[in-house]
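Note that the coordinates shown come from a computational prediction; the quantities given were computed from them, not determined experimentally.
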Amino acid sequence: MTPTDRDADFAAYMAARRMPLLRTAYLLTGDRHTAEDLVQVAFAKLYLSWDRVQRRQLLDGYLRRILINENSSLWRRAFKRREVVTDSLPEAAVMDRHDGGETEALWHFVETLPRRQRAVIVLRYYEELSEAEIAEALGVSVGTVKSQASRAIASMRSRVQDHPPLSRSRHEEQR
Amino acid sequence: MSSHDEDRLAGSLRERAGDISASPGDLGQVRDRARGIRRRRRVVRGLTAVVVVVAVALPVTTRLTAGTRADRSGPPAASSQSPDPRDGVFPLTAENAPRSGAPQIDYQQGRTLHRADGSTSRLPAAYSSLTPYRGGILATETTEDGYYIVHLGQDMQELRRSRFDSDLAVSLDGARVAWASFGDRGSTRTLHVDSSGDPSEDMTAPAVGSGDGVHLVGFLDPDKLVYQTYGAKSEVRVLDNGDRRLEGLIDARGTSQRNGLVSGLASYTRADGWCYVVRDVTGRRGDLWRTCDFSLGRFSPNGRYVLAGPAFLNGMGDSEVAVLDARTGAVVAHWQRAGKDSAGVAAQSVWESTTTVLTPYREDGAWHLLRLDLDGRVSEATEPVPAPDADTPAPWTFTVRP
């Protein structure tokens, strides 16, 4: 494969996978700019090993794993820097949703989860991966995935009762 | 949680992700980034080889130089000549930086606590932050399950631990330490100010903005703690006899117990970008000065200076460090990344003394602990540590500074 073919091949793959990956990165980080940067680093690392990836059907999983590893590194660094990362500038527009605040409330819960639990929730409920696939992506055992998911869900269950939009929605559902 | 709840969670994630609009990917930028990663990896491989050689050679060298070992201790000392600034700016680089004395403040590297007097202690874990406390150490630990505050005794054995949700703040004399903890159900935060053994002097208050994060900025005097809530309700507040809001600050970055000053972010506009102020809180003189050229950080131990960095913090590390006069905002010293091609980045700087700053600086595949002197001199306080990847965090954690 010539360098031109190689780049065309890579560019086609990047064009197809960039947006889904960006959305996952956004759910993992909660910040658009950080997500953009994360995705660029993930593609850069994939670019370096592009010729060594023999089984192209495994590319998505490989790329996802790079992304999650990068996010873990970023998270450690951010904690050390003690910076409050926010995408809400003072002039930012307010998102207008017509669901009584449920989406925002659930998103807020996701944002408060520990890093690994958040990754498990995003991969399970957004990417719709199986527990085995999540374990592969995170580099942990299936048992760890189960326990992390279980803790996250239990935590959400307890918070649902404290949060008016969510408990209201639940009561409406039960009626 | 029922499957209905799980469906709602999945729906919420899908809706949130749907807010991300399409933007074109740039192959050129990805290639540039890949080249940078490849270059750093090569440098690290070279550096690792050098470290191996040094490790082998060291025993012999140590025997040969045993008689001069004492010369390396004592106060920091770099080259005697201060460099000439270019346009008032000194180069920020580890290249050709001489070795000076070891850090004069306590720090953690790996699981070892290095004290300013040269002694060391083995810690049970590598902590996120730590400070001397009741003859031992109070540390914060980040685990997969969340954050914990841990009290270590004099022998570094763990005495107790509990959930917490903030960083630590310590008063100038070290007698008061503050932190925030979760309520029973994780929905409220409580601020604790501990007075090193005298419970009657302790202060406790519920943090305003329950459910939000809490960042402790520092003490204004032993009875005044500046803290910040963030999340749905972001406010800078002062806890003293009561609990009041500091109006006009988006966030706070540093406090000085010497003169009652607070540094912080005051505004963001598209025209000026991020603008910071130094405010006289206890003297009621309001904002002393304002800058849109730098971000501001912590004050020097004597309150005369304030640390500064680039106006826009990208979260990836800084390309410059400055020290400004706390009263006027005048630039006292300014260091900038040397060379257009340098990829060096500075992590969070700390005050080592009233005239020196310690700055972890990643350059050419290694972390360097640079000592920046207010006369412009740059030296290295410790041996560099290989950074196998651009994401390798700085290996040094300094004890919490007032």
In the structure I gave you, are the side-chain heavy atoms of [X] and [Y] within less than 4.5 Å of one another anywhere?
X	Y	answer
Arg14(B)	Tyr125(A)	no
Leu46(A)	Val30(B)	no
Ile121(A)	Leu13(B)	yes

*What's the spacing between Arg33(B) CZ and Phe43(A) CZ if we round to 0.5 Å?*
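Those atoms lie 13.0 Å apart.
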*Can you tell me how far CZ of Arg31(B) sits from CZ of Phe10(A), rounded to the nearest 0.5 angstrom?*
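Rounded to the nearest 0.5 Å, the CZ-CZ separation comes to 10.0 Å.
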*Pick from Ala35(A), Ala44(A), Ala154(A): which one has the most heavy-atom pairs with chain B under 4.5 Å?*
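Between Ala35(A), Ala44(A), Ala154(A), the count favours Ala44(A).
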_For chain B, the option from Gln117(A), Glu111(A), Arg151(A) that forms the most heavy-atom pairs under 4.5 Å_ =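 Looking at each option in turn, the highest pair count goes to Arg151(A).
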*Atom group of Glu128(A) that falls short of 4.5 Å from chain B, counting heavy atoms*: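 Only the side chain of Glu128(A) comes within 4.5 Å of chain B.
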*asked:* Suppose we screen for side-chain contact (heavy atoms from CB on, under 4.5 Å). Which residues come up paired with Ala17(B), at least two apart in sequence or across chains?
replied: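 Result, side-chain contact (heavy atoms from CB on, under 4.5 Å) vs Ala17(B): Arg23(A), Leu27(A), Tyr126(A).
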*Please name the pair of heavy atoms, one in Arg8(B) and one in Leu106(A), separated by the smallest distance, quoted to 0.1 Å.*
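Here Arg8(B) and Leu106(A) meet closest at O-CD1, 3.5 Å.
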